[in-house]
Amino acid sequence: MERKSFDRKSMKTRLVTTFIVTSIIPILLVNIISYYNTSELVRENVESMIRANLQQTKVTLDVWLDSYTDILFQVYTDDYIVELVDKINAGEDIANNRKLLRKTLRGLFYTKDHVKSISIITDSGELIFYDQLTASTTNLSWMESIPYSQEELYRKISSDNKTHLLTTGEEVGVGSNSCYLFHIGHRIIDYRDVKKQCGIVMVSIDESLLKEICSSTTEGGVNFIVDGKGYIVSCFDEDRIGKPLYSEYATEKEKKSACKNMVKESGILGNGELSVYTIYDEEIGWMVVRVTNQEELVLNLHKQQKLLVVVTVASLVIVLVLIISQIRGMTNSIKKVVKTMRIAGKGNLDAKVEPDKRRPTEIDIIAEEFNSTMDKLKVSTEKQKNAEIKALEAQINPHFLYNTLDTINWMAIDKDEYDISNNITALASILRYGITNSNGVVKIREEVEWLKQYIFLQQSRIKNTFECNINIEPELMEKPIHKLLLQPFIENAILHGFEGVNRKHILNVELCQKDNFIYIKIEDNGCGMPEDKVWEINNGIFGKAESKRHIGMENAITRIGMYYGESAKVEIESEIDKGTRVNIWIPLS
């Protein structure tokens with residue numbers, strides 16, 4: 001009892017475990033994989049957007065610098081400026097030419113915002129400029145902020161025909177008029193003699209331009225610019241402008257670490273996880289840097305994960321509760337059915353499973369079938385009891401018959417009527433063989449011996465009016481066969497086949513092995529059967545009144561089908577006035 005109770009609980013456990021394994025675990029795995037895939041996708045999208053923003057910043061920077069290079073181009077290619085510089089280099093009316101040159105520079109000054117100074121250094125060493133940061137005509141505001149002397153600057157710029165970009169130096173100006181400047185320069189070109197050294201021109205630009213370019217995409221991070229030697233060109237922290245951030249020979253890892261540490265020290269992005277992205281502008285030799293704080297992104301992803309987990313767990317709990325409820329209802333229904341079955345198993349045939357609307361349809365069908373089976377079993381049991389009573393009553397008749405035949409047999413012997421004695425002995429043997437386990441399996445040898453006695457009685461009854469030949473392969477004698485299968489066919493031949501036939505009556509019975517079958521042939525030379533009757537018998541049609549004479553054959557054919565299944569076969573061949581042949585195939589197995 002305890003074992004069965006354990007099995008029922010085990011079924012519940014298995015069903016719940018199966019649900020967990022097939023539903024909960026896969027859903028959790030899918031959610032986890034989905035979360036990490038989403039996280040990676042978000043990170044990749046963020047990185048892609050950051051790199052796109054960096055690229056946009058670089059493009060904007062190049063466009064703006066190109067626009068200021070146009071001012072520079074207007075100065076170093078202007079014939080009038082070249083003429084004035086040549087005169088100054090030649091020492092002609094230097095004061096007046098300086099004045100004219102400065103006036104010309106002032107005219108170009110306001111063509112572009114953020115320009116703070118335009119300066120010319122002649123080949124003779126004269127410095128002419130227009131400087132917005134100072135009213136002086138002799139002291140240039142930014143010259144002291146760069147790491148070059150006037151002579152060194154001249155040599156650097158005049159050495160080639162390239163546009164030179166000078167990194168932002170120290171702060172210049174005083175008070176509210178102070179700022180940081182970066183500079184672009186080019187040698188002045190006289191197209192009448194391009195190799196002639198005339199001088200150089202420098203355009204000084206307020207670093208606030210770079211800051212505006214960098215600040216255009218600062219949401220969630222900061223941008224700044226570093227030159228090729230590691231000096232900061234533009235930065236969110238003005239105190240760091242013009243100062244070195246890392247060595248010129250630093251590795252990429254060291255560069256990113258230095259950028260991250262600078263932003264972390266400033267505290268502008270908090271204490272979260274920082275990521276560094278860079279893009280190098282080969283045209284100007286500067287690197288645009290973006291440092292972002294991934295903490296907000298990570299927090300948002302964690303919030304999404306928590307929400308997903310909460311929703312998933314809540315859904316699964318609800319589903320699990322429903323599943324357990326359904327399983328409990330189902331197992332309770334099964335328990336009720338099993339309980340009723342146990343009551344029936346103890347002999348109470350009145351046990352019935354009570355109707356229950358809450359019971360699952362499948363279990364309800366089982367209950368209904370059980371109730372129906374119990375009803376049938378009850379009826380069958382009653383019939384069986386009646387049959388057993390009748391059988392007990394009928395047992396008197398065979399014993400009485402055997403005793404009576406035995407008495408008659410001895411009376412015949414006393415009268416020396418040995419033919420009568422032989423017939424009585426054969427009849428008793430036939431009756432005993434047929435009544436005892438009539439559906440049993442015997443050896444072919446036993447069945448054939450019984451058939452010989454049956455044929456002997458038939459010959460005695462009708463005065464030996466037919467001849468019977470029985471041929472059997474010796475190998476088949478010990479093979480098994482069901483009792484009383486062949487007698488109906490033989491009886492049909494004797495009683496109906498020879499009826500109205502004047503020639504000698506011959507009955508042949510043959511048993512042999514063909515492949516995996518026992519082949520049985522029962523053949524007579526009697527009156528035969530009409531073609532339609534043969535067709536009916538071969539097709540199992542026996543219901544018609546005129547076919548009642550073949551009821552024995554019908555029973556025999558039906559029994560062969562029941563015993564041996566579809567692999568067995570019975571086939572009738574017959575012709576009017578020529579006789580009938582019955583062909584039977586029984587599987588050896």
* So, Y180 side chain and E238 main chain: donor-acceptor pair closer than 3.5 Å or not? -> yes
* To do: Determine, stepwise, if the pair D70 / D66 fulfils side-chain contact (heavy atoms from CB on, under 4.5 Å).
  => CA-CA 6 Å; D70 290 341; D66 286 344; 5.7 Å; no
* Asked: If we only count heavy atoms from C-beta on, is the M262 to C235 side-chain gap below 4.5 Å?
  -> yes
* Are I200 and I120 close enough that some pair of their side-chain heavy atoms sits under 4.5 Å apart? -> no
* To do: Hey, can you tell me if W286 and F182 have their rings parallel, tilted or perpendicular (30° and 60° cut-offs)?
  => perpendicular
* From Q150 atom CD to E126 atom CD, the distance as rounded to the nearest 0.5 Å -> 9.0 Å
* Asked: Just by distance, do the side chain of E212 and the backbone of L209 share a donor-acceptor pair under 3.5 Å?
  -> no
* To do: Under the side-chain contact (heavy atoms from CB on, under 4.5 Å) rule, what do L54 and V289 come out as? Steps first, then yes or no, please.
  => CA-CA 8 Å; L54 277 176; V289 182; over 6 Å; no
* May I ask you to check whether W142 and F129 place their ring centers less than 6.0 Å from one another? => no
* Taking atom types as modelled and ignoring hydrogens, do the side chains of E207 and S234 form a donor-acceptor contact shorter than 3.5 angstrom? -> yes
* Are side-chain N/O atoms of Y191 and D79 paired as donor and acceptor at under 3.5 Å? -> no
* Over all atoms of both residues, closest heavy-atom pair of I232 and T167 -> O-CG2, 4.5 Å
* Expected output: side-chain N371 to main-chain K352 donor-acceptor under 3.5 Å -> no
* So how far is it from T292 OG1 to L269 CG, rounded to the nearest 0.5 Å? -> 8.0 Å
* Asked: Any side-chain heavy atom of M202 within less than 4.5 Å of one from L166?
  -> yes
* Under the 3.5 angstrom rule, does the side chain of T373 hit a backbone N or O of E369 as a donor-acceptor pair? -> yes
* No-hydrogen, no-angle side-chain donor-acceptor test under 3.5 Å, D237 and S266 -> no
* With no hydrogens and no angle check, do the side chains of N53 and R290 hold a donor and an acceptor under 3.5 Å apart? -> no
* Asked: Where do D281 and V288 land on the side-chain contact (heavy atoms from CB on, under 4.5 Å) test, with the steps shown first?
  -> CA-CA 8 Å; D281 192 329; V288 181; 5.6 Å; no
* Asked: Between S67 and K112, what is the shortest heavy-atom contact and its length?
  -> OG-CE, 3.3 Å
* Asked: Taking the side chain from D515 and the backbone from F517, do they hold a donor-acceptor pair closer than 3.5 Å?
  -> no
* From H164 atom NE2 to I184 atom CD1, the distance as rounded to the nearest 0.5 Å -> 12.0 Å
* With no hydrogens and no angle check, is any side-chain donor or acceptor of S208 less than 3.5 Å from a backbone partner on K211? -> no
* What are the two closest non-hydrogen atoms of I128 and L105, and how far apart are they? -> O-CD1, 4.0 Å
* Asked: Is the closest side-chain heavy-atom distance between K260 and V263 below 4.5 Å?
  -> no
* Asked: Taking side chain as C-beta onward, heavy atoms only, is E47 less than 4.5 Å from Y277?
  -> yes
* Short question: side chain of E170, backbone of G242 - any donor-acceptor pair under 3.5 Å? -> no
* Asked: Is the backbone N or O of C198 less than 3.5 Å from a side-chain atom of N89, with the two atoms forming a donor-acceptor pair by type?
  -> yes
* **Electrostatic pair R155-E151, nearest N-O below 4.0 angstrom** => no
* Asked: Between OG1 of T69 and CH2 of W64, what distance do you get to the nearest 0.5 Å?
  -> 13.0 Å
* Are any non-hydrogen side-chain atoms of M287 and I279 less than 4.5 angstrom apart? -> no
* Between D190 and R192, is the closest basic N to carboxylate O distance under 4.0 Å? -> yes
* Answer yes or no: is there a donor N or O on one side and an acceptor on the other, between the side chain of R98 and the main chain of D93, under 3.5 Å? => no
* Gap separating the OH atom of Y154 from the OG atom of S159, nearest 0.5 angstrom -> 10.5 Å
* Asked: Does S372 use its side chain to pair, donor to acceptor, with the backbone of E368 at less than 3.5 Å?
  -> no
* Does a salt bridge link R240 with E265, judged by any charged N lying under 4.0 Å from a carboxylate O? -> yes
* Can we say K256 and E252 salt-bridge, meaning some charged N sits less than 4.0 Å from an Asp/Glu carboxylate O? -> no
* Roughly how far, to the nearest 0.5 Å, is the CZ atom of R102 from the CG atom of D131? -> 8.5 Å
* Taking 4.0 angstrom as the limit, do D86 and K196 come out as a salt bridge? -> yes
* To do: Would you check, one step at a time, whether the test side-chain contact (heavy atoms from CB on, under 4.5 Å) holds for Q74 with L108?
  => CA-CA 9 Å; Q74 292 177 39; L108 295 170; 3.7 Å; yes
